[in-house]
Student: 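The following block contains the structure, expressed as structure tokens.
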Number of protein chains: 2
Amino acid sequence: MKPTESELEILQVLWAKGPSTVRQVNEHLSQTRDIGYTTTLKLMQIMHEKGLLSRTEEGRYHIYQALIGEEETQQHLLDRFVDTAFRGSAMKLVMQALGNSKATPQELEELQKLINHLNPENNEPDERL
Amino acid sequence: MKPTESELEILQVLWAKGPSTVRQVNEHLSQTRDIGYTTTLKLMQIMHEKGLLSRTEEGRYHIYQALIGEEETQQHLLDRFVDTAFRGSAMKLVMQALGNSKATPQELEELQKLINHLNPENNEPDERL
DNA sequence: AAAGATATACGAATCGTTTCGTAGAAGTCA
DNA sequence: TGACTTCTACGAAACGATTCGTATATCTTT
């Protein structure tokens, strides 16, 4: 339930590319860092044992698939992170993340909508749901 | 520059309480989890070696102090976290953190101000800087 | 069929973090 | 002074994560 950094890397690939073989995942990972094939293999085997990945035998190959969702995992990691790094204050995190990001107007607008959702009383009415 | 989880715990205490002895830090930590005195001692010694903490001898005691700032450290951790968990998308993180937090109206208002700052063009004018 | 490439399985080395036991120095108290 | 407590220092065990070497099986190619 709490993937390590390496495991997260692999999950990222599987989330992005869908079910994949070890080689495909490894190919992808080696683009950004030095990692041997058997290292990726071992990692994915362990993740399979842990129940993070499913595995289907396709002839000689094994095809792996993420068993936990991206958003769900992100939410979990986020909760943990807020606790450890921001002492539980999600707002502090939000402010700091936002302050240092170069958000596009579109993104800000989306965010604006979300805020209006959260706070139907206050602020100028914008659109009803 | 990249404190571990345990180190972060200790930093939190020092940030909150200011310069402290090992015992004071340990006392605080033991309130929330099982940890021996010498464990805390060793950790703080290592952090001192790493340059995370300064140390002043006060008679028989050592008084430790955080050498890195809270916000600065949080920013650093946050950047890293956005990269690894949210593939660099700070906005995705913000939206998700916000969506799951129960923010008070005051907090939302603060956030609103920040957004208006960031996006002077769009939205209703609110206040000039 | 033989050689070579490519798959999985698995044991083990390595590395960083965390934890604690033990020793010795220094202060406190009866 | 002698027993206790309370510091720091330090070595090393324990643990988890990461990495890779090697063995073996299975294809592919000539």
Side-chain angles (χ1 to χ4, degrees), chain A residues 1-14 19-65 68 73 76-77 80-81 83-85, chain B residues 1-14 19-65 68 73 76-77 80-81 83-85:
Chain A
M1 254 308 175
K2 200 200 58 165
T4 68
E5 291 233 332
S6 290
E7 290 175 343
L8 193 53
E9 279 186 331
I10 288 173
L11 285 171
Q12 303 276 21
V13 175
L14 292 175
S20 311
T21 64
V22 173
R23 180 147 303 276
Q24 291 171 322
V25 171
N26 180 252
E27 216 100 285
H28 204 273
L29 291 186
S30 2
Q31 286 174 10
T32 44
R33 73 184 183 97
D34 232 29
I35 185 168
Y37 173 82
T38 53
T39 301
T40 305
L41 172 65
K42 182 72 167 193
L43 276 173
M44 292 176 73
Q45 282 172 344
I46 291 174
M47 291 172 76
H48 178 236
E49 281 171 23
K50 287 188 188 175
L52 290 171
L53 305 183
S54 75
R55 185 166 81 176
T56 355
E57 315 219 354
E58 191 82 27
R60 181 156 74 115
Y61 302 91
H62 285 174
I63 300 195
Y64 290 87
Q65 186 168 4
I68 57 179
T73 304
H76 186 245
L77 291 173
R80 244 184 96 70
F81 182 70
D83 279 350
T84 61
Chain B
M1 255 303 177
K2 201 200 57 167
T4 67
E5 291 233 330
S6 291
E7 291 174 343
L8 193 53
E9 279 186 331
I10 289 174
L11 285 172
Q12 303 276 23
V13 176
L14 292 176
S20 311
T21 65
V22 173
R23 181 147 302 277
Q24 291 171 322
V25 172
N26 181 252
E27 215 100 285
H28 204 273
L29 291 186
S30 4
Q31 286 173 10
T32 45
R33 73 183 185 97
D34 232 28
I35 186 169
Y37 174 82
T38 54
T39 302
T40 305
L41 172 65
K42 182 73 168 190
L43 277 173
M44 292 176 72
Q45 283 172 344
I46 291 174
M47 292 172 75
H48 178 236
E49 280 170 23
K50 286 190 187 174
L52 289 171
L53 305 183
S54 74
R55 185 166 80 176
T56 354
E57 315 219 353
E58 192 82 28
R60 183 154 75 112
Y61 302 91
H62 285 176
I63 300 194
Y64 290 88
Q65 186 169 6
I68 56 179
T73 304
H76 185 246
L77 292 173
R80 242 184 98 70
F81 182 70
D83 279 351
T84 60

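Quick caveat, the model's predicted, so the values are computed rather than measured. Labels below follow one simple rule: chain letters A, B, ... track the order of the sequence lines, proteins then strands, and each chain is numbered from 1.
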Student: Between C/dC10, D/dT6, D/dA25, which one does the side chain of A/Arg60 approach most closely?
Tutor: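 Nearest nucleotide to the side chain: D/dA25.
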
Student: Quick one: B/Lys2 NZ to C/dC15 P, roughly how many Å, whole number?
Tutor: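 In whole Å, C/dC15 P lies 16 Å from B/Lys2 NZ.
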
Student: Calculate the interatomic distance between B/Gln24 atom CD and D/dC7 atom P; express it in whole Å.
Tutor: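 The answer, rounded to whole Å, is 10 Å.
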
Student: Using a strict 4.0 Å threshold on nitrogen-to-oxygen distance, state whether A/Arg55 and A/Glu49 make a salt bridge.
Tutor: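 No, A/Arg55 and A/Glu49 are not salt-bridged.
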
Student: Rounding to a whole Å, what distance do you find between B/His48:NE2 and D/dT8:C1'?
Tutor: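 Taking NE2 of B/His48 and C1' of D/dT8, I get 13 Å after rounding.
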
Student: Mind checking B/Thr38 for me? I need base, sugar-phosphate or nothing, with any heavy atom below 4.0 Å counting as a touch.
Tutor: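 Touches a base.
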
Student: Considering every strand and a 4.0 Å limit on heavy-atom distances, what is the contact class for B/Thr39: base, sugar-phosphate, or nothing?
Tutor: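 Here B/Thr39 touches the bases of the nucleic acid.
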
Student: Quick one: label B/Glu5 by what it contacts on the DNA or RNA (base, sugar-phosphate, nothing), any heavy atom closer than 4.0 Å.
Tutor: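 Sugar-phosphate contact only - B/Glu5 comes under 4.0 Å of backbone atoms but never of a base.
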
Student: Roughly how many Å is it from CG in A/Leu41 to P in D/dT22, rounded to a whole number?
Tutor: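 It works out to 16 Å between those atoms.
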
Student: Could you check which of C/dC20, C/dT18, D/dC7 has an atom nearest any side-chain atom of B/Lys42?
Tutor: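 Selected nucleotide (nearest to the side chain): C/dC20.
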
Student: Take the protein atom CG of A/Asn26 and the nucleotide atom P of D/dT18, then report the distance between them rounded to whole Å.
Tutor: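 Result: 15 Å.
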
Student: So, is A/Arg55 close to the C/dA9 phosphate, meaning a side-chain N or O under 4.0 Å from OP1 or OP2?
Tutor: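 Yes, such a contact exists.
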
Student: Could you go step by step and tell me if B/Gln45 and B/Lys50 meet the side-chain contact (heavy atoms from CB on, under 4.5 Å) rule?
Tutor: CA-CA 9 Å; B/Gln45 283 172 344; B/Lys50 286 190 187 174; over 6 Å; no

Student: Return the value, rounded to whole Å, for the distance between atom CG of B/Leu43 and atom P of C/dT18.
Tutor: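 In whole Å, C/dT18 P lies 6 Å from B/Leu43 CG.
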
Student: So what does B/Thr4 hit on the nucleic acid, given a heavy-atom distance under 4.0 Å: a base, only sugar-phosphate, or nothing?
Tutor: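 Touches sugar-phosphate only.
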
Student: Toward the 5' end of DNA chain D, which comes first, A/Ile35 or B/Tyr37, by nearest nucleotide?
Tutor: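 That would be B/Tyr37.
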
Student: Select from B/Gly36 and B/Lys50 the residue whose nearest nucleotide in DNA chain C is closer to the 5' end of that strand.
Tutor: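 Result of the comparison: B/Lys50.
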
Student: Flag the pair B/Glu7 and B/Lys2 as a salt bridge only when some basic side-chain nitrogen lies within less than 4.0 angstrom of an acidic carboxylate oxygen.
Tutor: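 No, no charged N to carboxylate O under 4.0 Å.
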
Student: Taking atom P of C/dA9 as reference, at what distance in whole Å does atom CE of A/Met47 sit?
Tutor: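 Roughly 16 Å, once rounded to whole Å.
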
Student: Would you indicate which nucleotide in C/dT18, D/dG21, D/dA9 comes nearest to any side-chain atom of B/Ile46?
Tutor: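 Looking only at heavy atoms from C-beta outward on B/Ile46, the closest nucleotide is C/dT18.
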
Student: Parallel, tilted or perpendicular, judged at 30° and 60°: which one describes the rings of B/His48 and B/Tyr64?
Tutor: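 Plane angle over 60°, so perpendicular.
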
Student: For the pair made of CD in A/Gln45 and P in D/dA17, what is the distance, rounded to whole Å?
Tutor: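 Checked: the CD to P distance equals 16 Å.
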
Student: With B/Pro19 as reference, evaluate B/Leu14, B/Thr56, B/Ile63 under the side chain to side chain contact (heavy atoms under 4.5 Å, CB included) test and give the passing residue.
Tutor: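 Result for side chain to side chain contact (heavy atoms under 4.5 Å, CB included) with B/Pro19: B/Ile63.
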
